[in-house]
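Please read the structure below before turning to the comments.
To find a chain, count down the sequence lines: A is the first, B the second, and so on, and within it residues start at 1.
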Amino acid sequence: MNNPALSEQEQIRRNSLQKLRELGIDPYPAAQYHVNITASEIINNFNDEKNNFQDVCLAGRMMSRRIMGKASFAELQDHTGRIQIYVNRDELCPGEDKTMYNDVFKKHLDIGDIIGVKGFVFRTQMGEISIHVKEMTVLNKSLHPLPIVKEKDGKTYDAFTDPEQRYRMRYVDLIVNPQVKDVFVKRTKIINTMREMFNGYGYFEVETPILQPIPGGAAARPFITHHNSLDIPLYLRIANELYLKRLIVGGFEGVYEFSKDFRNEGMDRTHNPEFTVMEIYVAYKDYKWMMSFTEEICERVALALHGTTKVKLGNNIIDYKTPYPRVTMYEAIKEHTGYDISGKTEDELREISDKLGIETDPTMGKGKLIDEIFGEKCEHHYIQPTFITDYPIEMSPLTKKHRDNPELTERFELMVNGKELANAYSELNDPIDQRERFQEQLRLSEKGDNEAMFIDQDFLRALEYGMPPTSGMGMGIDRLTMFMTDSPSIQDVLFFPQMKPEVKKPKVELNEDEKLILELLKANSPIDLNELKNLTGLSNKKWDKAIKGLTGLKLAKVEKKDEGLVVSIE
RNA sequence: CGGCCUGUAGCUCAGUUGGCAGAGCAGCUGACUCUUAAUCAGCGGGUCCAGGGUUCGAAUCCCUGCAGGCCGACCA
């Protein structure tokens, strides 16, 4: 039953599994286990006077165990938290047969196993609320040892911290690092809060295609795939915008979607190839209305999560209390660079960029230059929630022209902690203008801008049927979650962040050197060690590696005898 | 893509000028009927990321590769 691929501890657990079976205990029972309480319900509501919870049944994973002869303590962790259990030999086994305690509990169960207990709640002499166990059921035998994280006086010992292992084995991370679960609970709460708010407004949650023939709605490099029976390329969506606007054309007044989008670009602390975005489109509204709506989302989410609008983020406290300042992009650039860029030509903007020490290249148009100046010199200043409004027309091909200035568009981005959190427009609904803007994108593309948008003819046709004045907004849910949970990395708010493939360790196999030695050994066993070494003609290092490999696999044996070191086949 | 750092027991980490591979927790054996990082006694556990080189001898020095982290570049 020995398997050399298993560690000692894994082997011991498999042996325990076998022992349980021999005792007639199914380590993986099929029957439902009827739980009537959770750990947190007991911890929060146990009352010494009332002496309540006298008949509880709880299941969970054993996270620690302290055995003291005939009595033991252990901690069970369920989905709500941890509670201590007290296991007394003669209570668990009232008769003569003490197997359940002496063998099953003490010997064949391990930290990480899932068990169910029945008993009553009491408070120990040390003051800890605990379950006095009368009956115990094995629900799952764990074969892989869990990292043991211990805590005392708020200090954590032996924490499971290696980021790679945490992300690759999130299940382990979730088991041993309870604060991780909290982030994901908050993530879901964020989405639920938003969904409730939108539904309260009467807006309609929809689903639109992930596989798209033309990836539109944003400037980004897409993933490409292929549909076999249609024999056409399809792209994974980079945004939902164009489909949601088609639905506004179709007559919905407000539509929203929480969607996975995909961008075939770099991965880092803030970017994952697949990420979650909420996009919402509301008819008969403009971007000013959308600013108020966006503020309301942020404030509601902060309150739902923290009970306050003030949220810690790194070294800052972000206050999501409405209203947020509204600053035009030109004002922002003027404030942080001293340059007034209104009415400037492309050449003048390039000159300003040079003076500001910003690198430019000839493919950059006016919009891109302004974007670059803002990104380099302004963006990071906006720590508290701030709306940056009125973006240049060149960088906003889906946005309606500004009602007061045709060089600008009715667009805002919500900046928090120096980063973009949301992006919104008064949506462009003039089909002729839209076609010209797409064609401008095409020109940029020919000039070398590989982010410029494709032309979606069907979307243009939809606009020609007529879309009411509409405001739309997109918000990065991963980023919002990072902000709201004080997580420095996107990997901390995704259950399964994208990782490089795990490399399988090569199987234990004889290499050429080892095979050579074995052949020689078969012909001359036993043989003097130095003689064998000379026969192989291997370097010292290679010899050493190979012979150690063989002895490690118990294929050869080195013995010290009177005449010197002797090698033989084992 | 570039710079810096890391890779040693199931987990967290030491490892001196190159000289038998270490600790705590976890595990195993035993003691212990209210402990809580339980305690006490004893024991086992390693492809030192991989490959190559220098050397009598490498976890340690050199080269190459792999994986990861941080920072930057590119990129929303």
Side-chain angles (χ1 to χ4, degrees), chain A residues 4 6-13 15-16 63-75 82 84-92 101 106-107 110-112 122-128 130 132 142-168 172 176 218-221 238-239 261 263-273 275 277 359 371 375 379 395 413 419-421 423 450-451 474 476 478-479 488-491 499-509 511 539-542 544-545 548-549 552-553:
Chain A
L6 295 175
S7 72
E8 185 196 24
Q9 292 196 41
E10 288 173 302
Q11 190 55 55
I12 287 165
R13 281 165 182 250
N15 293 344
S16 295
M63 299 303 290
S64 70
R65 191 169 55 160
R66 294 178 285 279
I67 296 173
M68 286 155 301
K70 300 184 185 68
S72 302
F73 290 90
E75 279 178 295
R82 286 190 191 185
Q84 180 171 271
I85 62 171
Y86 172 70
V87 187
N88 181 302
R89 187 192 69 182
D90 298 325
E91 304 265 351
L92 186 66
Y101 183 79
K106 278 171 70 175
K107 288 206 173 77
D110 290 289
I111 289 173
F122 74 113
R123 193 181 289 273
T124 65
Q125 286 173 16
M126 300 300 288
E128 180 149 347
S130 309
H132 192 123
S142 166
L143 297 181
H144 215 114
L146 216 50
I148 308 290
V149 182
K150 295 205 171 188
E151 200 181 315
K152 172 155 192 182
D153 303 330
K155 264 170 78 181
T156 305
Y157 298 82
D158 300 330
F160 180 62
T161 52
D162 178 7
E164 184 185 2
Q165 290 202 64
R166 286 186 47 223
Y167 301 146
R168 284 197 197 281
V172 176
V176 303
R221 267 177 291 164
I238 55 174
D261 286 358
R263 296 190 182 176
N264 205 343
E265 288 164 355
M267 287 163 56
D268 59 30
R269 201 176 67 259
T270 57
H271 296 86
N272 197 63
F275 58 102
V277 172
E359 281 184 39
D371 190 30
E379 198 171 60
M395 51 192 285
E413 288 190 1
K419 306 261 166 51
E420 174 198 340
L421 176 59
N423 182 16
N450 56 14
E451 287 180 12
D478 307 300
R479 194 164 281 185
S489 156
I490 197 170
Q491 294 166 316
M499 305 284 283
K500 285 195 189 178
E502 199 166 0
V503 281
K504 288 246 164 112
K505 284 194 176 169
K507 290 226 166 143
V508 187
E509 208 169 75
N511 64 28
S539 72
N540 283 330
K541 178 137 192 156
K542 282 180 173 246
D544 190 60
K545 278 260 183 214
K548 277 180 180 164
L553 289 167

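Looking at heavy-atom distances under 4.0 Å, A:Glu151 makes contact with sugar-phosphate atoms alone, never a base. Within the 4.0 angstrom heavy-atom criterion, no nucleotide atom of any strand lies near A:Glu75. At a threshold of 4.0 angstrom between heavy atoms, the contacts of A:Glu379 include nucleobase atoms, whether or not backbone atoms are also involved. Within the nucleic acid shown, A:Asp162 comes within 4.0 Å of sugar-phosphate atoms alone, with no base atom in reach, counting heavy atoms only. Residue-level contact check: A:Arg269 touches the backbone only, with heavy atoms under 4.0 Å from sugar-phosphate atoms and none from bases. Heavy atoms of A:Phe122 sit under 4.0 angstrom from at least one base atom. Base engagement by A:Ile67 is indicated by at least one non-hydrogen atom pair under 4.0 Å involving a base atom. As judged by a 4.0 angstrom heavy-atom cut-off over every strand, A:Arg263 is placed among residues touching the sugar-phosphate backbone only.
With sequence neighbours excluded, the residues forming a side chain to side chain contact (heavy atoms under 4.5 Å, CB included) with A:Arg82 are A:Met63, A:Glu75, A:Gln77, listed by chain and number. Shown here are the side-chain hydrogen bond (donor to acceptor under 3.5 Å, both in side chains) partners of A:Asn88, two or more places apart in sequence or in another chain: A:Tyr86.
For A:Gln84 against B:U35, a side-chain N or O and a base N or O form a donor-acceptor pair under 3.5 Å. Scanning atom types as modelled, one donor and one acceptor separated by under 3.5 angstrom connect the side chain of A:Gln9 and the base of B:A26. Judged by distance alone with a 3.5 Å cut-off, a donor-acceptor contact links the side chain of A:Glu8 to the base of B:G44.
Of the listed nucleotides (B:C11, B:U33, B:C28), B:U33 has the atom at the smallest distance from the side chain of A:Lys70. Closest approach to the A:Glu164 side chain among B:U36, B:G69, B:A67 is made by B:A67 (side chain taken as heavy atoms from C-beta onward). Each of B:A26, B:U35, B:A67 was ranked by its minimum atom distance to the side chain of A:Met126; first place goes to B:U35. The side chain of A:Thr124 lies closest to B:U35 when the candidates are B:A37, B:U33, B:U35. Taking only side-chain atoms of A:Asp110, from C-beta outward, the nucleotide of B:U35, B:C28, B:A37 with the closest atom is B:C28. Checked against B:U12, B:U36, B:A37, the side chain of A:Thr161 finds its nearest nucleotide in B:U12.
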Please list each protein N or O that sits under 3.5 Å from an N or O in nucleotides 1-7 of chain B, with the distance.
none

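You'll find the side chain of A:Asp110 stays beyond 4.5 Å of the side chain of A:Pro145, heavy atoms only. The side-chain heavy atoms of A:Val176 and A:Leu146, taken from C-beta on, include a pair separated by under 4.5 Å. Here the side chains of A:Glu420 and A:Arg479 are in contact, with some heavy-atom distance below 4.5 Å.
In this structure, A:Met68 atom CE and B:A37 atom P are separated by 13 Å, rounded to whole Å. Distance A:Asn88 CG to B:C32 C1': 13 Å, rounded to the nearest Å. The distance between atom CG of A:Asp261 and atom P of B:C75, rounded to the nearest whole Å, is 20 Å. One interatomic measurement links the two molecules: NZ of A:Lys106 to P of B:U29, which rounds to 10 Å at whole-angstrom precision. In this structure, CZ of A:Arg66 is placed 14 Å from C1' of B:C25, rounded to the nearest angstrom. For the pair A:Ile148 CD1 and B:C28 P, the interatomic distance rounds to 11 Å; values are reported in whole Å. Between the CG atom of A:Asp158 and the P atom of B:C11 there is a distance of 11 Å, rounded to whole Å.
Pairing partner, B:U36: none, since no Watson-Crick or wobble contact has both distances short of 3.5 Å. Checking B:G22 for Watson-Crick or G-U wobble geometry (two distances, each under 3.5 Å) identifies B:C13 as its partner. In this entry B:U64 has B:A50 as its Watson-Crick or G-U wobble partner, both defining distances falling under 3.5 Å.
Within the 4.0 Å cut-off from OP1 or OP2 of B:G24, not a single side-chain nitrogen or oxygen of A:Lys150 is found. In terms of phosphate contacts, A:Arg65 brings no side-chain nitrogen or oxygen within less than 4.0 Å of OP1 or OP2 of B:U36.
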Could you check A:Arg13 against A:Ser142 for side chain to side chain contact (heavy atoms under 4.5 Å, CB included), going step by step and ending with a plain yes or no? CA-CA 7 Å; A:Arg13 281 165 182 250; A:Ser142 166; 3.5 Å; yes

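No side-chain donor-acceptor contact under 3.5 Å links A:Arg221 to the backbone of A:Glu265.
Atom CG of residue A:Leu143 and atom CD of residue A:Gln11 lie 10.0 Å apart, to the nearest 0.5 angstrom.
Residue whose closest nucleotide on RNA chain B sits further toward the 5' end, between A:Asp268 and A:Ser130: A:Ser130.
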